[in-house]
Amino acid sequence: EAQVTQNPRYLITVTGKKLTVTCSQNMNHEYMSWYRQDPGLGLRQIYYSMNVEVTDKGDVPEGYKVSRKEKRNFPLILESPSPNQTSLYFCAISRTGLPGELFFGEGSRLTVL
Amino acid sequence: SQQGEEDPQALSIQEGENATMNCSYKTSINNLQWYRQNSGRGLVHLILIRSNEREKHSGRLRVTLDTSKKSSSLLITASRAADTASYFCATDAKSNFGNEKLTFGTGTRLTIIP
């Protein structure tokens, strides 16, 4: 069964302090993606990756970076977090890529003060 | 703007009743999916319906798709307390940057009253 592990699950930080949210998968799937979920806005895609060293922007990439050096890991980097990045973040993977079924991690709740 | 919009935003029904949620979208799609999210948890895939399909079943779930109206519905029959969750539709569409992605609606919050 697909397993997507995110860390940390909860984090409170301050404006400008760089942080990384990790995402790892156990399925060797090629497609990985990051979403943020905000009340009233649903889920919005931040970045996605079709394979190692292949990444591209989603709808809301500003303020975020990603890397895909290994197939199993897809970290989300906030170089200088701001309060508007307070959100619930989800990593998702897909065996077939889009439009296949997405498997989601349990989420990382980030608060930027 | 959101590709998919669910209706209603919130729905409360008695256990045992059927629950119907609707999703409307704006642009042509290849596929539409429904997901469930228990409070604060990750989303779980329920069902995928392709644009050339009109209806699909999975257990107590029935999904219909009307591409002429750009709408879909999710019916949960004989609801149970465990069905209490938020339900999202998701469509594959081009993003603002021209790349393919899955776009989610804002969800319907379903509450099953025991």
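Below, chains carry the letters A, B, ... as their sequence lines are ordered, and counting in each starts from 1.
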Chemist: Is L102(A) linked to M50(A) within one hydrophobic cluster, defined over Ile, Leu, Val, Met, Phe, Trp and Tyr using a side-chain heavy-atom separation of less than 4.5 Å?
Modeler: yes
Chemist: Sub-4.5 Å heavy-atom contacts with chain B: which residues of residues 77-85 of chain A show up?
Modeler: none
Chemist: Please identify each residue that fulfils side-chain hydrogen bond (donor to acceptor under 3.5 Å, both in side chains) with W34(A), with sequence neighbours left out.
Modeler: none
Chemist: If you count the non-hydrogen atoms of other residues, nucleotides and ligands that lie under 6.0 Å from CZ in R80(B), is the total more than 12?
Modeler: no
Chemist: Please classify the contact between Q37(B) and chain A as side chain, backbone, both or neither, with a heavy-atom cut-off of under 4.5 Å.
Modeler: side chain
Chemist: Could you tell me which non-hydrogen atom of Y35(A) sits nearest to which non-hydrogen atom of L102(B), and how far apart they are?
Modeler: OH-O, 3.0 Å
Chemist: Going by atom type alone, with no hydrogens or angles, which donor-acceptor pairs under 3.5 Å involve a side-chain atom of residues 105-113 of chain A and a protein atom two or more places apart or on another chain?
Modeler:
| residue | atom | partner | partner atom | Å |
| --- | --- | --- | --- | --- |
| E106(A) | OE1 | R41(B) | NE | 2.4 |
| E106(A) | OE1 | R41(B) | NH2 | 3.0 |
| S108(A) | OG | Q6(A) | NE2 | 3.0 |
| S108(A) | OG | P8(A) | O | 2.7 |

Chemist: Test of understanding: with side-chain hydrogen bond (donor to acceptor under 3.5 Å, both in side chains), list the residues that count as partners of S73(B), not counting sequence neighbours.
Modeler: T64(B)
Chemist: Could you state whether V14(A) and L11(A) fall into the same hydrophobic cluster, counting links through intermediate Ile, Leu, Val, Met, Phe, Trp or Tyr residues with side-chain heavy atoms under 4.5 angstrom apart?
Modeler: no
Chemist: For Q33(B) and E101(A), work out which heavy atoms get closest and say how close.
Modeler: OE1-CA, 3.7 Å
Chemist: According to a 4.5 Å side-chain heavy-atom criterion applied to Ile, Leu, Val, Met, Phe, Trp and Tyr, with indirect links allowed, do L11(B) and L75(B) form part of one hydrophobic cluster?
Modeler: no
Chemist: Under a single-linkage definition using a 4.5 Å side-chain heavy-atom cutoff for Ile, Leu, Val, Met, Phe, Trp and Tyr, are L76(A) and V52(A) assigned to the same hydrophobic cluster?
Modeler: no
Chemist: Looking at OG1 of T103(B) and CZ of R44(A), how far apart are the two atoms once the value is rounded to the nearest 0.5 Å?
Modeler: 12.0 Å
Chemist: Is any side-chain heavy atom of F88(B) closer than 4.5 Å to a side-chain heavy atom of L43(A)?
Modeler: yes
Chemist: Is there a side-chain contact between V44(B) and F103(A) in this structure, where contact means two heavy atoms from C-beta onward sitting under 4.5 Å apart?
Modeler: no
